[in-house]
Amino acid sequence: MTDIKEKSRDIQKKKSVFPGTEPIIPDDVPLWPSAASTMKIDVAVNEDGMVWVIHDKPFPDYLEWIEFDKELGMMSFVTALGKIQGLGMKIHPPMDEYLVETKQVCVIMIRDEQIRDMALVPLNVQDYGLIAAGGKK
């Protein structure tokens, strides 16, 4: 158990894996500034249920998964260090309906009109309304 705690502390002490994206929030706070405040970023969907997040700068750390809360229209990125970075803008209907139907998002970084990085990231949809209604809507 001690080894796990030490490794976790070592990871937390490290700077961002991407130079120039160091956080302005203290290391012990599990949040990064919103993505929209640090880069150009947008979300696109199509009728086939495909979702893309397109951005022009690297995220502060590797993405493990993306959270989407339909009730609030909020998308958040969860990193390998366990920190959370909100999208910084609301996802409105009808876009939210496509997001709740998908299981993964294609995240693409574009610079100088070329794809510089691309990954499929799992999407976790939060649906607290369903829980509050006892599993039925």
Side-chain angles (χ1 to χ4, degrees):
M1 185 73 151
T2 305
D3 291 338
I4 294 171
K5 286 182 181 179
E6 286 177 24
K7 286 179 184 177
S8 178
R9 272 190 231 118
D10 289 342
I11 290 170
Q12 294 288 337
K13 288 180 185 177
K14 288 183 181 177
K15 293 281 185 190
S16 169
V17 294
F18 299 108
T21 62
E22 287 79 14
I24 43 180
I25 296 174
D27 287 339
D28 59 333
V29 176
L31 300 172
W32 299 105
S34 76
S37 72
T38 61
M39 66 179 88
K40 291 180 184 175
I41 188 166
D42 208 349
V43 178
V45 300
N46 72 7
E47 292 177 357
D48 295 327
M50 297 182 72
V51 178
W52 298 269
V53 171
I54 303 147
H55 57 101
D56 71 337
K57 293 182 182 173
F59 283 90
D61 191 24
Y62 297 103
L63 298 182
E64 287 290 322
W65 73 86
I66 298 171
E67 297 272 337
F68 179 63
D69 184 327
K70 184 180 178 204
E71 280 187 38
L72 299 175
M74 292 178 52
M75 180 181 278
S76 300
F77 306 98
V78 181
T79 70
L81 292 175
K83 291 200 175 190
I84 300 168
Q85 182 174 38
L87 175 62
M89 51 188 157
K90 192 169 180 175
I91 306 287
H92 295 281
M95 232 172 144
D96 61 347
E97 294 298 328
Y98 296 107
L99 274 162
V100 298
E101 295 300 321
T102 193
K103 301 288 183 220
Q104 62 186 5
V105 175
C106 184
V107 180
I108 304 170
M109 183 173 70
I110 298 177
R111 279 196 175 163
D112 302 323
E113 299 181 14
Q114 292 185 6
I115 294 174
R116 301 296 181 169
D117 190 30
M118 183 169 61
L120 289 175
V121 181
L123 177 70
N124 183 17
V125 177
Q126 301 298 322
D127 194 347
Y128 300 112
L130 184 62
I131 295 167
K136 298 177 185 174
K137 276 196 171 184

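FYI, the numbering just counts along the sequence from 1. The figures here come from the full heavy-atom set of this structure, side chains too, leaving out hydrogens, waters and symmetry mates.
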Set out, in order, the CA-CA distance, both residues' side-chain angles and the distance that settles side chain to side chain contact (heavy atoms under 4.5 Å, CB included) for Leu99 and Val125, then state yes or no. CA-CA 8 Å; Leu99 274 162; Val125 177; 5.9 Å; no
Are [X] and [Y] side-chain neighbours, meaning at least one heavy-atom pair lies under 4.5 Å?
X: Val100; Y: Phe68; value: yes
X: Phe59; Y: Ile41; value: yes
X: Val45; Y: Thr102; value: no
X: Val121; Y: Phe77; value: no

Which atom pair, heavy atoms only, marks the closest approach of [X] to [Y]?
X: Met95; Y: Val43; result: CE-O, 2.9 Å
X: Thr38; Y: Gln85; result: OG1-NE2, 3.8 Å
X: Met109; Y: Lys57; result: SD-C, 3.4 Å
X: Pro58; Y: Arg111; result: CD-NH2, 3.4 Å

Nearest 0.5 Å please: distance from the [atom1] atom of [X] over to the [atom2] atom of [Y].
X: Leu120; Y: Lys103; atom1: CG; atom2: NZ; answer: 15.0 Å
X: Glu101; Y: Asp48; atom1: CD; atom2: CG; answer: 13.0 Å
X: Leu72; Y: Ile91; atom1: CG; atom2: CD1; answer: 12.0 Å
X: Leu87; Y: Ser76; atom1: CG; atom2: OG; answer: 8.0 Å

Look at the side-chain heavy atoms of Ile, Leu, Val, Met, Phe, Trp and Tyr, link any pair under 4.5 Å apart, and say whether Val105 and Met74 land in one connected group.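 No, Val105 does not connect to Met74 through the hydrophobic network.
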Apply side chain to side chain contact (heavy atoms under 4.5 Å, CB included) to residues Val78 and Asn124 and explain how you reach the verdict. CA-CA 10 Å; Val78 181; Asn124 183 17; over 6 Å; no
Using the test side chain to side chain contact (heavy atoms under 4.5 Å, CB included), find all partners of Thr79 that sit at least two apart in sequence or belong to another chain.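 Thr79: side chain to side chain contact (heavy atoms under 4.5 Å, CB included) contacts with Trp32, Asp61, Leu63, Leu81, Lys83.
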Members besides Met50 in its Ile/Leu/Val/Met/Phe/Trp/Tyr cluster (side-chain heavy atoms under 4.5 Å):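 Members besides Met50, by chain and number: Trp52, Ile54, Ile108, Ile110, Ile115, Met118.
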Using the rule given for side chain to side chain contact (heavy atoms under 4.5 Å, CB included), can you reason through Met75 versus Met89, listing the C-alpha separation, both sets of side-chain angles and the distance that settles it, and then say yes or no? CA-CA 8 Å; Met75 180 181 278; Met89 51 188 157; over 6 Å; no
Can any side-chain N or O of Asp96 pair as donor or acceptor with the backbone N or O of Gly73 at less than 3.5 Å?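 No, the answer is negative, given that no donor and acceptor are paired below the 3.5 Å cut-off.
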